[in-house]
Amino acid sequence: MNIFADFIDRVMKAVESLDLRAKDGGALDFSRITVEPPRDSSHGDLATNAAMVLSKAAGENPRALGERLAKVLAEDPDVAEATVAGPGFVNLRLGNAFWHARLGEMLELAGDYGRSTIGAGHKVNVEYVSANPTGPMHVGHCRGAVVGDALANLLAFAGYDVTREYYINDAGVQIDVLGRSVLLRYREALGEDIGTIPEGLYPGDYLKPVGQALVDEFGTKLLEMPETDALAIAKDRAVDAMMAMIRDDLAALNVHHDVFFSERSLHAGNGGAIRSAINDLTMKGHVYKGKLPPPKGQLPEDWEDREQTLFRSTQVGDDIDRPLIKSDGSFTYFAADVAYMKDKYARGFEHLIYVLGADHGGYVKRLEALARAISDGKLKLTVLLCQLVRLFRGGEPVRMSKRAGEFITLRDVIDEVGRDPVRFMMLYRKPDAPLDFDFAKVTEQSKDNPVFYVQYASARCHSVFRQAKEQLGVESFDRATMRAALHRLEDEGELALIRKLAEFPRLIESAAQAMEPHRIAFYLYDLASQFHQQWNRGTESDSLRFVKVNDQELTHARLGLVQAVCDVVGSGLALVGADAPVEMR
RNA sequence: GGUCCCGUAGCUCAGUAGGAUAGAGCAUCAGAUUCCUAAUCUGAGGGUCGCAGGUUCGAAUCCUGCCGGGAUCACCA
């Protein structure tokens, strides 16, 4: 249960009972009424702004209105105290029994606690990674992969019907280059001395096995057939090999996709799918033949005014019209995108989310324009731009040159730092901010890494249970017994921990709606912090220890609290995509 | 030049759909281990929320204009 949503209903009812009338006789606007946790917990458990929001229209002093509202709300059996504070906030303090009941629900729901139906089964497509299949994934892909994956996890947990999708850019010039690079490695595998790799081809060693595989499969046959045929085969095998490599890398990062969509498939059959998509746009009047105005500012040296087939995207919100067919009659990359988005729309998605790197910022408007044109405004489209990751080692920037084949691969980073720290670090920042990733900090000073802090909370929960079993000489503890004892939780720190746990459902819903998975990471850190605090209070005051051998009921109650922390930390870490360890050594 | 993002403590960053006295971590200083894992905890100092206007009961948050930093601009993929 999202207690904040629950109390909005109760506040609304209370407000209605006041029988307020707008001064001008119209209806009062209740939509701005909120119920939130107060920033300062000393103010209470919940705060509502209802009196301040309504006072003006109702022509009543906000504090006076607040007093009336507080009086009604105080009659709610769950409300221990309702007071007016500041400019007219109504602060509610809830009774311990209310919190005990919430904790009981958490224990009942276990791993499903926090799961929401707010997504109502809406079909959402999250496209992320979509790295070009021309080589292994490098660190630059890492952030989008983690953010996209965590977002998909979050949306699914919030009740959306999520499809995780990867667009394989297996067409175009770069794939020709890949094919030619592989053919060179093929000749090398046949014993030919190829010397240095020519400029413009991919020099990486990772293509050697692909060349060898071609030898294993075809022997010298590729040399004997026309080059275009050989190239086609080389491209085909190379893309498959690269994608296999990329899938392995993604799996190492705990990233999985439901659909791998091939760009090449859109070009199949003489570009039938693309042709048809452009035709659709043409029927709707979004396509014309014409010339683009030259770019503003500095004119490119090779600028030439040419007639092309253009998408009139300016009519649907873009800054400039976009070419679909080049002057030589071939399709632009964007033309394939038109067909691709049409396909997604036809598959019934209501919302398309693209997780892209900041270098794709210029692409956002044309995608939005395209969505409008394709669906007549019905399709919702969101682009999540992740700012770039800058790599450091001991404060020094790490240089990479893709041309020289020297780059840090995703696998390198995972091997050096570990999967969980990588995932957590990528989420421990909102995506709009650039991220400095320092190997030295994430590995050497691992104790400063927030992921260990959170995982330690999980390990500590399990440790408490291990200790409890030993001290009480019990095999296991069951949730029903814990639930029956919860009324014994009276310590302020324990209640504060329950309140923190009670925020989890609201967090999930708001993070999902805002599409901000990083909020989970920050929440987990807060929760872990509060749990570590409570644990340490037991070292200062013996009466606050979780395990009390001479009071089994109290022990069960506190273990219930520990269990709930364990559940929520576990759920949260699962959304982040990291493990919740049972112990840390 | 156009578009997008960012600017909050010495450093790295949060700030929950406009809320109350702006918060963490690191670093600095002072403390806690006969004790369920010290990978932890307690306390202290540290702020013109880039600048200037505007919107309103109320702005770090929304709007406008500046200043500073980054990304991007194509018949590329």
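Worth saying up front: this structure is predicted, and the values here are computed from it rather than measured. The sequence lines fix the lettering, A, B, ..., with proteins before strands; numbering per chain opens at 1.
Looking only at distances, no side-chain donor or acceptor of Gln530(A) sits under 3.5 Å from a matching main-chain atom of Lys500(A). The backbone N or O of Asp321(A) lies less than 3.5 Å from no partner atom in the side chain of Thr314(A), so there is not a single donor-acceptor pair. With hydrogens and angles disregarded, a donor-acceptor distance shorter than 3.5 Å links the side chain of Arg423(A) to the backbone of Val576(A). Put simply, the side chain of Ser458(A) gets close to the backbone of Pro581(A): a donor and an acceptor are under 3.5 Å apart. Put simply, the side chain of Asp328(A) gets close to the backbone of Ser330(A): a donor and an acceptor are under 3.5 Å apart.
On the P atoms, rA52(B) is 32 Å away from rA44(B), given to the nearest whole Å. Distance noted for atom C1' between rG45(B) and rA27(B): 12 Å (whole Å). Taking the P atom of each, rG46(B) and rG23(B) are spaced 14 Å apart, rounded to whole Å. Atom name C1', nucleotides rG7(B) and rC13(B): the rounded distance is 12 Å, in whole Å. Separation of the P atoms belonging to rU16(B) and rU61(B) is 12 Å when rounded to the nearest angstrom. Between rU64(B) and rA59(B), the two C1' atoms lie 15 Å apart (nearest whole Å).
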**Report entry** Contact letters for nucleotides 8-13 of chain B, in which S counts primed atoms plus P, OP1 and OP2 and B counts the base, heavy atoms under 4.0 Å
**Finding:** ----SS
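Here rG7(B) sits opposite rC67(B) as a Watson-Crick or G-U wobble pair (both hydrogen-bonding atom distances under 3.5 Å). Nucleotide rG23(B) is matched to rC13(B) when pairs are restricted to Watson-Crick or G-U wobble geometry with both distances under 3.5 angstrom.
When heavy atoms are screened at a 4.0 angstrom cut-off, Val173(A) is found touching the sugar-phosphate backbone but no base atom. Among the heavy atoms of the strands, none lies under 4.0 Å from Ala514(A). Among the heavy atoms of the strands lying under 4.0 Å from Asn91(A) is at least one base atom, whether or not backbone atoms are also near. Among the protein residues, Asp328(A) comes within range of no part of the nucleic acid, since none of its heavy atoms lies under 4.0 Å from any strand. Contact annotation for Ala358(A): backbone-only contact, meaning every heavy-atom pair under 4.0 Å involves sugar-phosphate atoms and none involves a base. Among the atoms of the strands shown, none is found under 4.0 Å from any heavy atom of Asn169(A). Within 4.0 Å (heavy atoms only), Ser510(A) reaches sugar-phosphate atoms of the nucleic acid but no base atom. Nucleic acid contact for Pro323(A): sugar-phosphate only, since backbone atoms but no base atoms lie under 4.0 Å from a heavy atom of the residue. Using a 4.0 Å heavy-atom cutoff across all strands shown, Glu583(A) reaches at least one base atom of the nucleic acid.
Between the P atom of rC36(B) and the CG atom of Asp551(A) lies a distance of 20 Å, rounded to the nearest Å. Put simply, CD on Gln455(A) is 16 Å from C1' on rU40(B), counting in whole angstrom units. The interatomic distance linking Ile274(A) (CD1) with rA77(B) (C1') rounds to 13 Å, in whole Å. For the pair Leu384(A) CG and rC5(B) C1', the interatomic distance rounds to 12 Å; values are reported in whole Å. Gln387(A) has its CD atom 11 Å from the C1' atom of rU72(B), to the nearest Å. In this structure, NZ of Lys326(A) is placed 9 Å from C1' of rA77(B), rounded to the nearest angstrom.
Side-chain atoms of Pro37(A) lie closest to rU16(B) of the nucleotides rU16(B), rG19(B), rA77(B). With rC57(B), rC6(B), rC76(B) as the choices, the nucleotide that has an atom nearest any side-chain atom of Lys56(A) turns out to be rC57(B). Closest contact between the side chain of Arg32(A) and the listed nucleotides rC57(B), rA20(B), rC36(B) involves rC57(B). When each of rC4(B), rC36(B), rA71(B) is scored by its nearest atom to the side-chain atoms of Arg545(A), the top-ranked nucleotide is rC36(B). Closest to the Leu388(A) side chain, of the nucleotides rC36(B), rC57(B), rA71(B), is rA71(B). In this structure, the nucleotide among rA17(B), rA77(B), rC35(B) sitting nearest to the side chain of Thr539(A) is rC35(B). Proximity note for Asp319(A) (side chain, C-beta onward) versus rC35(B), rC76(B), rU3(B): the nearest is rU3(B). Here the side chain of His518(A) is nearest to one of rA77(B), rG15(B), rC57(B), namely rG15(B).
The aromatic ring centres of Tyr523(A) and Phe504(A) sit less than 6.0 Å apart. If you look at Tyr428(A) and His518(A), their ring centroids are not closer than 6.0 Å.
Ion pair Asp318(A)/Arg322(A) flagged as a salt bridge, since at least one NZ, NE, NH1 or NH2 atom sits closer than 4.0 Å to an Asp/Glu carboxylate oxygen. Using a 4.0 Å cut-off between a side-chain N of Lys or Arg and a carboxylate O of Asp or Glu, Arg488(A) and Asp551(A) qualify as a salt bridge. Of the charged side-chain nitrogens involved, at least one lies within less than 4.0 Å of a carboxylate oxygen, so that Arg558(A) and Glu494(A) count as a salt-bridged pair.
In this structure, Tyr523(A) does not reach the rG15(B) phosphate: none of its side-chain N or O atoms is under 4.0 Å from OP1 or OP2.
When only modelled atom types and interatomic distance are considered, Glu36(A) and Asn49(A) share no side-chain donor-acceptor pair under 3.5 Å.
The stretch residues 525-536 of chain A touches RNA chain B through Tyr525(A), His532(A), Gln533(A), Trp535(A), Asn536(A), each having a heavy atom under 4.0 angstrom from the strand.
Across Leu554(A) and Lys548(A), no two heavy atoms sit closer than the pair CD2-CG, 4.2 Å.
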